Amino acid sequence: MTSLTQLFESLSPPEAARRLLGCEFVRTIDGREARVRIVETEAYHQSDAASHSYNGRTQRTDVMFGPAAHLYVYFTYGMHYCCNVVSGPVGTGAGTLIRAVEPVEGTELLQRNRDRSGIDLTNGPAKLCQAMAIRREMNGHDLEQAPLRLVLNPALENDQIVESTRVGISKAVDVPWRFYVKDNPYVSKS
DNA sequence: TGCCTGATGTTCT
DNA sequence: GAACATCAGGCAC
């Protein structure tokens, strides 16, 4: 049996971002489970000017250079958290930003964390972190362990995946490392 | 429907 | 001291 860490260690940033589409997060809160399906991702790598790891390993980006299949959580714009799944071998600053997820189970648990429902619940990187109560304390969390586990689903077919340029960045804007599930309403517009 | 802006704090220069 | 992998509310059309 292959561990998540071994699998994501062996994938390049865009391969990891594609592989994550269709996989699920299982978040345990107060003994109850919420499940969400990943529908939009962006790949980042240290050779990439838009990546936090571009300027080398710092206290903030330390976990991006650590073992794969761990969670990199960062705080931005003074009020939002976003989360990434670390990929590549130890010492490589690579990861996949989770931009949007689709609730599968335990939706009311997610709604309790956000004062909203419907599409608005998880259709953005900071929104899904709030819905799943992902905060700074979860930085460096191993995704094979509760209370937040990554569950692999079969890889999606290529005709289900749309590739495009990334959103919300000002450097390396032409790199086509954003991937999303075709025709999914939770994918953010642009 | 779509643009503009304020909120707010961490990180790096 | 400025930039920032964002969101939500307000206002104009």
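Keep in mind that this is a model prediction, so the values were computed, not measured. To find a chain, count down the sequence lines: A is the first, B the second, and so on, and within it residues start at 1.
Under the 3.5 Å distance criterion, with hydrogens and angles disregarded, no donor-acceptor pair is assigned to the side chains of A:T96 and A:E42.
Side-chain atoms of A:Y77 and base atoms of C:dA5 include no donor and acceptor less than 3.5 Å apart. Contact annotation: side chain of A:N84 to base of C:dA5, donor-acceptor pair present below 3.5 Å.
Per the stacking criterion (ring centres < 5.5 Å, plane angle < 30°), A:Y74 does not stack onto the base of C:dA5.
Note that CZ of A:R166 is 8.0 Å distant from OG of A:S51, once rounded to the nearest 0.5 Å.
Close placement of the A:Y74 and A:H52 rings is indicated, their centers lying within 6.0 Å of each other.
Base-pair partner of C:dA2: B:dT11 (Watson-Crick or G-U wobble, both distances under 3.5 Å).
Here A:R166 lies out of heavy-atom contact (under 4.0 Å) with every strand.
Distances were taken from every side-chain heavy atom of A:N55 (C-beta onward) to each of C:dA5, B:dT13, B:dT8; the shortest belongs to B:dT13. When each of C:dC4, C:dG9, C:dT6 is scored by its nearest atom to the side-chain atoms of A:K171, the top-ranked nucleotide is C:dC4. Of the candidates C:dA5, B:dC12, C:dA8, C:dA8 carries the atom nearest the A:R114 side chain, counting heavy atoms from C-beta on.
Between A:Y186 and A:E102, the closest side-chain pair of non-hydrogen atoms falls below 4.5 Å.
Computed from coordinates, the A:Q59 CD to B:dC12 P distance equals 8 Å when rounded to whole Å. The separation between A:F75 atom CZ and C:dA5 atom P is 14 Å, rounded to whole Å.
Checking A:R18, A:K127, A:R178 one by one against A:E40, the salt bridge (Lys or Arg N to Asp or Glu O under 4.0 Å) holds for a single residue, A:R178.
A heavy atom lying under 4.0 Å from DNA chain C marks the following residues of residues 123-133 of chain A, by number: A:G124, A:P125, A:A126, A:K127.
Note on A:L4: it clusters hydrophobically with A:L71, by side-chain heavy-atom contacts below 4.5 Å among ILVMFWY residues.
For the OP1/OP2 pair of B:dT8 and a distance below 4.0 Å, the side-chain nitrogens and oxygens of A:H80 include no atom meeting the criterion.
Taking for each of A:I169 and A:D120 the nucleotide of DNA chain C with the nearest heavy atom, the 5'-most of the two is the partner of A:I169.
Within 6.0 Å of CZ on A:R114 lie more than 12 heavy atoms contributed by other residues, nucleotides or ligands.
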